[in-house]
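Down below is the structure, laid out as structure tokens.
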Amino acid sequence: MKKINIALLTLALAFAGSVFAQTESLSDPDASSIGNDSARQSLREISVERFEREASWNVHISPDYGVIKGRLFDGSPMAKEELDDADNKEMEDSKVLGVKVEFFKRGINSFYITSARPIPIEGVTKTVSVWACGRNMGHNMWLLVQDYNGHNFEIYMGSLEFSGWKKLTTAIPPSPDGQHGIVQQSVYHGDKPGLRIVGFRVDCNPMEAQGSFFMYLDDLRAVTDLYDLENRDEDDMMDNW
């Protein structure tokens with residue numbers, strides 16, 4: 001998979017005309033300033049996954065480094081804001097995904113939290129966020145995605161070195177030319193979802209990868225641009241034949 005360092009990629013995309021604008025820092029990206037001109041955007045925050053279904057997420061670690069298991073727990077971050085969507089308000093939202101890793105030894109290792117199948121997001125995704133609880137350990141979490149062409153990418157979400165729950169947000173870098181980077185749309189097939197969430201990878205701090213480690217995830221969301229979908233003519237044909 002290809003690692004994308006958001007800070008370095010920002011400088012590269014500036015020369016291509018695609019610039020990130022952050023309200024405060026890289027951990028708080030401004031979705032309205034990523035990619036297209038704001039006059040041609042229709043941004044909406046949507047729920048991607050609420051971690052309510054058993055067996056919908058898998059966990060994995062190399063058997064050389066430890067054992068891992070995941071399960072659902074009752075609970076929710078108290079600071080989580082309610083999604084402004086009438087349809088989503090009726091959906092169940094009472095559980096979180098818990099992951100427990102028991103390390104055999106210290107070392108440079110990673111573990112994965114992946115969806116049973118990639119989760120598609122309609123439109124052009126600008127940002128992805130998830131609530132995480134990492135027990136103040138210095139491990140780093142990456143978002144795993146597939147683009148329009150099925151290429152895999154890893155995007156840094158942040159460190160788990162904090163107490164309690166925290167909302168981690170990352171920007172999805174726009175493709176500078178529609179051919180390189182994360183390609184989310186194409187003039188050839190406009191009805192295909194541009195981005196799919198594969199899951200997460202956690203890179204462990206080798207000095208803290210010992211004993212048992214617990215982490216929890218809840219409320220995976222995305223801010224997506226639905227301009228093309230909302231402005232498609234009702235009598236327009238679908239190019240899928």
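Source: prediction; values computed, not measured.
Here T125 contributes atom OG1 and I197 contributes atom CD1; the two are 6.5 Å apart, rounded to the nearest 0.5 Å. Atom CG of residue D225 and atom CD of residue Q184 lie 9.5 Å apart, to the nearest 0.5 angstrom. Atom CG of N109 and atom CG of D64 lie 10.0 Å apart (nearest 0.5 Å). The CG atom of L97 sits 13.0 Å away from the CG atom of D219 when rounded to the nearest 0.5 Å. Note that the OG1 atom of T169 and the CH2 atom of W131 stand 9.0 Å from one another [nearest 0.5 Å]. Atoms CZ and CZ, on R50 and R221 in that order, are 7.0 Å from each other to the nearest 0.5 Å.
Counting heavy atoms of neighbouring residues, nucleotides and ligands inside a 6.0 Å radius, atom NZ of K105 does not exceed 12 of them.
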Under 3.5 Å donor-acceptor pairs involving side-chain atoms of residues 65-75, not counting sequence neighbours:
unit_1 : atom_1 : unit_2 : atom_2 : d
D74    : OD1    : K95    : NZ     : 2.7

Start with the C-alpha distance between D218 and S76, add both sets of side-chain angles, then the distance that settles side chain to side chain contact (heavy atoms under 4.5 Å, CB included), and finish with yes or no. CA-CA 7 Å; D218 190 35; S76 181; 3.6 Å; yes
Go through the steps to decide whether V48 and V130 satisfy the test side chain to side chain contact (heavy atoms under 4.5 Å, CB included), and finish with yes or no. CA-CA 10 Å; V48 178; V130 68; over 6 Å; no
Let me see the working for C204 and F103 under side chain to side chain contact (heavy atoms under 4.5 Å, CB included), right down to the final yes or no. CA-CA 10 Å; C204 302; F103 296 105; 3.7 Å; yes
Under the criterion side chain to side chain contact (heavy atoms under 4.5 Å, CB included), I'd like the reasoning laid out for I113 against M215: C-alpha separation, chi angles, the key distance, then a yes or no. CA-CA 11 Å; I113 306 167; M215 69 172 293; 4.0 Å; yes
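At a threshold of 4.5 Å between non-hydrogen side-chain atoms, the residues F51 and L220 count as touching. The shortest side-chain heavy-atom distance between Y216 and R135 falls under the 4.5 Å cut-off. Counting heavy atoms from C-beta outward, L195 and P120 have side chains that stay 4.5 Å or more apart.
For F213, the ring-ring contact (aromatic ring centres under 6.0 Å, His included) partners at least two apart in sequence or on another chain are H139.
Between W57 and F200, the ring planes are parallel. Angles under 30° get that label, and only those over 60° would be called perpendicular.
Panel note: side chain N205, backbone M207; a donor-acceptor pair is recorded below 3.5 Å.
With Y156 as the fixed residue, the side chain to side chain donor-acceptor pair (under 3.5 Å) test singles out one of D203, T170, N140: N140.
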